[in-house]
Amino acid sequence: MSSDNLIQQAADILRTSKNIAVLTGAGVSKESGVPTFRDAMDGLWARFDPQQLATPLAFLQDPKLVWDWYEYRREMVAKAKPNPGHLALAELERRAPSLTIITQNVDDLHEQAGSKNVIHLHGNIARSKCFYNCQGDPTVVDVSKIEYDKAQGPPPCPHCGRWLRPDVVWFGEMLPVDQLDVAKVASISADVMLVIGTSGLVTPAATMPELAKSQGAKIIEVNPDDSMITRIADIKLDGASGEILPRVLEAMGKNA
Ligand code: BV8
């Protein structure tokens with residue numbers, strides 16, 4: 001667990017920063033009950049590796065398996081509520097002159113907690129789109145309005161009749177260029193980047209802290225373990241984000 005003086009050092013940097021960038025990964029949603037990619041999925045899904053399922057090829061090889069995996073994860077995300085870590089980040093945004101959250105997560109817990117300026121690098125698990133984007137990229141479709149036989153596999157696109165898929169970025173797929181560009185600008189212009197709950201394994205998301213640091217930003221990492229980012233962190237706060245972030249906010253002082 002991080003000592004109080006490391007928490008205070010982080011708080012002092014944040015309090016005096018104009019542009020704050022925050023990179024979050026699956027760890028920030030863990031205390032909301034959403035398993036991280038490092039956690040083995042439980043039960044039925046324990047025998048699958050997420051990196052093997054979250055690909056276009058896996059979907060084409062077995063659309064029903066991949067669609068059902070996302071339905072299972074959607075149910076978990078739908079039940080999840082923001083945890084104190086999400087809420088602390090929303091409060092920090094209210095206090096800071098400028099704060100941008102760059103998230104790798106496909107849930108909307110940052111928005112539910114009240115964060116406004118959120119960039120989603122990897123899409124949104126609750127949204128579906130035509131696998132072929134037949135009406136343009138992305139051809140988003142509201143699945144709740146489609147009657148289909150769940151035993152057969154994914155719902156059909158109402159425009160072209162082919163499969164729908166989750167509107168997330170799979171391994172081997174390009175990230176949305178507009179979101180990636182805004183994330184790069186936020187990283188380059190940051191005085192400090194908070195890196196929370198990410199193993200730092202997945203690129204190009206994991207290159208944002210290097211980008212920020214190359215432009216002089218301080219890197220503050222919040223993670224109970226070490227990650228690929230730890231080696232460039234100026235301050236490493238060891239612990240769960242739901243525990244650490246409220247302590248940082250408190251150390252910033254009530255009327256900061
Ligand atoms: C691209 C959406 C280029 C889907 C996700 C070799 C071969 C092939 C490809 C590659 C390769 N090497 C690199 C690549 C590129 C590849 C990649 O990075 N692969 C990795 C696996 C090596 N990247 C891509 O494919 C990307 N696209 O590069 O396109 C391109 C160019 C031209 C043309 C075409 C393409 C696309 C990557 C996006 C993949 N989609 N998500 C879905 O969700 O189903 S990624 C997915 O995994 C998540 O979104 C997240 O980003 C990632 C998991 O990472 P984390 O969030 O860090 O989570 P993780 O479980 O790893 O770690 C959790 C951390 O939390 C841990 O550190 C833990 O200690 C900590 N923690 C735990 N509890 C807490 C906590 N922290 C705080 N509090 C707690 N309580």
Does the side chain of Ser187 reach to within under 4.5 Å of the side chain of Ile102, using non-hydrogen atoms?
yes
Residue pair Leu237 / Glu221, side-chain heavy-atom distance below 4.5 Å
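Leu237 vs Glu221: side chains apart.
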Taking the side chain from [X] and the backbone from [Y], do they hold a donor-acceptor pair closer than 3.5 Å?
| X | Y | answer |
| --- | --- | --- |
| Ser32 | Lys81 | yes |
| Asn19 | Asp191 | no |
| Asp234 | Ile219 | yes |
| Glu31 | Asn83 | no |
| Gln8 | Ala251 | yes |
| Asp12 | Gln9 | no |
| Asn223 | Gly197 | no |

Would you check if the distance from the ring center of Trp170 to the ring center of Phe59 is below 6.0 Å?
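Trp170 vs Phe59: aromatic centres under 6.0 Å.
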Please name the residue in the list Lys116, His120, His86 that meets the side-chain hydrogen bond (donor to acceptor under 3.5 Å, both in side chains) test with Glu111.
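Testing Glu111 for a side-chain hydrogen bond (donor to acceptor under 3.5 Å, both in side chains) against Lys116, His120, His86 leaves exactly one candidate, His120.
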If two hydrophobic side chains count as joined below 4.5 Å and joins carry through other members, does Val168 share a cluster with Leu180?
no
Quick check on the hydrophobic clustering: are Leu99 and Met252 connected, directly or via other members, by side-chain heavy-atom contacts under 4.5 Å?
yes
Step by step, work out the side-chain hydrogen bond (donor to acceptor under 3.5 Å, both in side chains) result for Ser115 and Arg94.
CA-CA 8 Å; Ser115 292; Arg94 285 188 284 272; over 6 Å; no
Is it the case that atom NZ in Lys218 sees more than 12 heavy atoms from other parts of the structure closer than 6.0 Å?
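Not buried by this count: 12 neighbours or fewer within 6.0 Å.
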Val28: which of Val22, Ile196, Leu109 passes side-chain contact (heavy atoms from CB on, under 4.5 Å):
Ile196
Hey, mind stepping through Gln215 and Ser189 against side-chain hydrogen bond (donor to acceptor under 3.5 Å, both in side chains) and telling me if it holds?
CA-CA 8 Å; Gln215 302 300 310; Ser189 42; over 6 Å; no
Does the side-chain hydrogen bond (donor to acceptor under 3.5 Å, both in side chains) test come out yes or no for Gln104 and Thr24, once each step is laid out?
CA-CA 6 Å; Gln104 302 173 79; Thr24 63; over 6 Å; no
